[in-house]
Chemist: 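What follows is a single structure, and I will ask about it in a moment.
Starting from 1, each residue takes its place in the sequence as its number.
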Amino acid sequence: MKKKSTIIIVAIIVTGVAIGAYLMRPLSPTKTESLSSNGLDILVSYSAPYKKGRLIFGEASQKALVPFGLYWRLGANKATEITFNKDITFAGKTAKSGSYRMYTIPREKVWEIILNRDLGKSGAQEPDRSLDILIVEVEAQSISTETEQFTIDLEEKGSMIMMRFIWDRTEIAIPIQH
């Protein structure tokens with residue numbers, strides 16, 4: 001009888017722990033993307049939300065998750081950060097090696113991509129704009145395939161690296177060189 005009671009108690013505890021772990025998992029998992037090329041190391045860390053049937057990019061009046069013209073942390077949860085070990089050109093502008101918060105002001109046709117020194121903050125908290133070190137404008141591309149989960153990827157293209165933000169039916173491609 002004691003053995004049966006112990007087994008039941010252990011089963012209840014294990015089930016409770018499993019349910020708790022499931023409920024505590026982040027809805028937008030943390031991801032990292034990295035690439036090493038010719039001595040340049042790039043690391044991007046971000047949280048990757050899912051579309052879940054929502055309108056992603058659009059006007060605030062449409063209740064878009066990411067309204068045009070407003071700050072977006074490039075993901076969910078904490079602020080997106082990028083680190084590179086050498087000076088680079090980022091969409092044609094020079095950036096010194098280091099770690100930066102990366103965010104955007106999306107618009108329908110052109111996005112501002114910003115690197116900022118305001119690190120270690122929640123992504124929900126807008127950065128101190130006086131710490132912006134670089135602002136570039138990049139054209140938004142409409143793509144035919146719908147992407148359910150926000151993705152940042154890095155791909156080597158000849159002597160250049162392309163960093164892409166892909167979500168829903170939108171893609172932003174940023175050329176990086178060193």
Chemist: Quick check for you: to the nearest 0.5 Å, what is the distance between T170 atom OG1 and Q141 atom CD?
Modeler: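 CD of Q141 is found 10.0 Å from OG1 of T170.
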Chemist: Knowing that exactly one of I172, I113, I82, V138 qualifies, which makes a side chain to side chain contact (heavy atoms under 4.5 Å, CB included) with M163?
Modeler: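 Between M163 and the candidates, side chain to side chain contact (heavy atoms under 4.5 Å, CB included) is satisfied uniquely by I82.
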Chemist: Kindly give the heavy-atom pair with the smallest separation between P106 and P67, and that separation in Å.
Modeler: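 Looking at all heavy atoms of both residues, the closest pair is CG-O, 4.0 Å.
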Chemist: Who pairs with L35 by side chain to side chain contact (heavy atoms under 4.5 Å, CB included), at least two apart in sequence or on another chain?
Modeler: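 Residues passing side chain to side chain contact (heavy atoms under 4.5 Å, CB included) with L35: S37, L154, I161.
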Chemist: Does the separation of the ring centres of F84 and Y100 fall below 6.0 angstrom?
Modeler: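 Aromatic pair counts; centres sit under 6.0 Å.
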Chemist: Cluster partners of I143, using ILVMFWY side-chain heavy atoms under 4.5 angstrom, listed by chain and number?
Modeler: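 Its cluster mates, by chain and number, are I166.
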Chemist: For the pair N38 and H178, evaluate side-chain contact (heavy atoms from CB on, under 4.5 Å) and give the outcome as yes or no after the intermediate values.
Modeler: CA-CA 9 Å; N38 298 319; H178 71 97; 3.8 Å; yes
Chemist: Which residue pairs satisfy the salt bridge (charged side-chain N to carboxylate O under 4.0 Å, His left out) criterion with at least one member in residues 148-158, sequence neighbours excluded?
Modeler: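 Those involving residues 148-158 are D153-R164.
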Chemist: Specify the closest pair of heavy atoms between F68 and R107, including all atoms of both residues, with the distance to one decimal.
Modeler: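 Smallest interatomic distance, heavy atoms only, reads CD2-C, 3.4 Å.
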Chemist: Please name all residues satisfying side-chain hydrogen bond (donor to acceptor under 3.5 Å, both in side chains) with T89, sequence neighbours left out, ordered by chain then number.
Modeler: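 Result, side-chain hydrogen bond (donor to acceptor under 3.5 Å, both in side chains) vs T89: none returned.
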Chemist: Under the salt bridge (charged side-chain N to carboxylate O under 4.0 Å, His left out) rule, what pairs show up with a residue in residues 70-85, not counting sequence neighbours?
Modeler: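 Listed by first then second residue: nothing to list.
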Chemist: May I ask you to check whether S99 and T83 show a side-chain donor-acceptor distance below 3.5 Å?
Modeler: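 The criterion, which ignores hydrogens and geometry beyond distance, is satisfied for T83 and S99.
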Chemist: Considering only Ile, Leu, Val, Met, Phe, Trp and Tyr, and joining two whenever side-chain heavy atoms are under 4.5 Å apart, list the other residues clustered with Y103.
Modeler: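 Noted: Y103 shares its cluster with Y71, I105, I114, I135.
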Chemist: So, taking the atom named CG in L70 and the one named OG1 in T104, what distance separates them when rounded to the nearest 0.5 Å?
Modeler: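 Taking CG in L70 and OG1 in T104, the distance rounds to 11.0 Å.
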Chemist: Does anything in residues 119-142 form a salt bridge (charged side-chain N to carboxylate O under 4.0 Å, His left out)? List the pairs, not counting sequence neighbours.
Modeler: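 Qualifying pairs, neighbours excluded: D118-K121, R129-D132.
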Chemist: If you look at every heavy atom in S47 and S28, which pair is closest and at what distance?
Modeler: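 The answer is CB-O, 3.6 Å.
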Chemist: Quick one: hydrophobic cluster around L43, which other residues, with the 4.5 Å side-chain cut-off, linked directly or via members?
Modeler: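 The other cluster members (ILVMFWY side chains, heavy atoms under 4.5 Å, direct or chained): none.
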Chemist: Got a donor-acceptor contact below 3.5 angstrom from the T80 side chain to the L74 backbone?
Modeler: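 Looks like yes, one N/O pair under 3.5 Å.
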Chemist: What donor-acceptor contacts under 3.5 angstrom involve side-chain atoms of residues 53-62, with partners at least two apart or in another chain?
Modeler:
{"from": "R54", "atom 1": "NE", "to": "K51", "atom 2": "O", "distance (Å)": "2.9"}
{"from": "R54", "atom 1": "NH2", "to": "Y50", "atom 2": "O", "distance (Å)": "2.4"}
{"from": "Q62", "atom 1": "OE1", "to": "E59", "atom 2": "N", "distance (Å)": "2.7"}

Chemist: Which heavy atom of S97 sits nearest to which heavy atom of D87, and what is that distance?
Modeler: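 Result for this residue pair: N-OD1, 2.9 Å.
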Chemist: State which residues pass side chain to side chain contact (heavy atoms under 4.5 Å, CB included) with M160; sequence neighbours excluded, sorted by chain then number.
Modeler: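 By the side chain to side chain contact (heavy atoms under 4.5 Å, CB included) rule, M160 matches M162, P175, Q177.
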Chemist: Atom OG of S142 and atom CD of E108: how far apart are they, to the nearest 0.5 Å?
Modeler: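 Reported to 0.5 Å precision, the distance equals 10.0 Å.
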Chemist: Which residues pass the side-chain hydrogen bond (donor to acceptor under 3.5 Å, both in side chains) test with T147, sequence neighbours left out?
Modeler: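 Result, side-chain hydrogen bond (donor to acceptor under 3.5 Å, both in side chains) vs T147: none returned.
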Chemist: Minimum heavy-atom separation for P29 and Q149, please, with both atom names.
Modeler: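 Of all heavy-atom pairs spanning P29 and Q149, the closest is CG-NE2, 3.6 Å.
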Chemist: Donor-acceptor check, side chain of N85 to backbone of D41, threshold 3.5 angstrom: yes or no?
Modeler: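 Flag set: sc N85 to bb D41 pair under 3.5 Å.
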Chemist: Can you list the residues that meet the ring-ring contact (aromatic ring centres under 6.0 Å, His included) rule with F150, with sequence neighbours excluded?
Modeler: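 With neighbours one apart ignored, the set is Y46, W72, W167.
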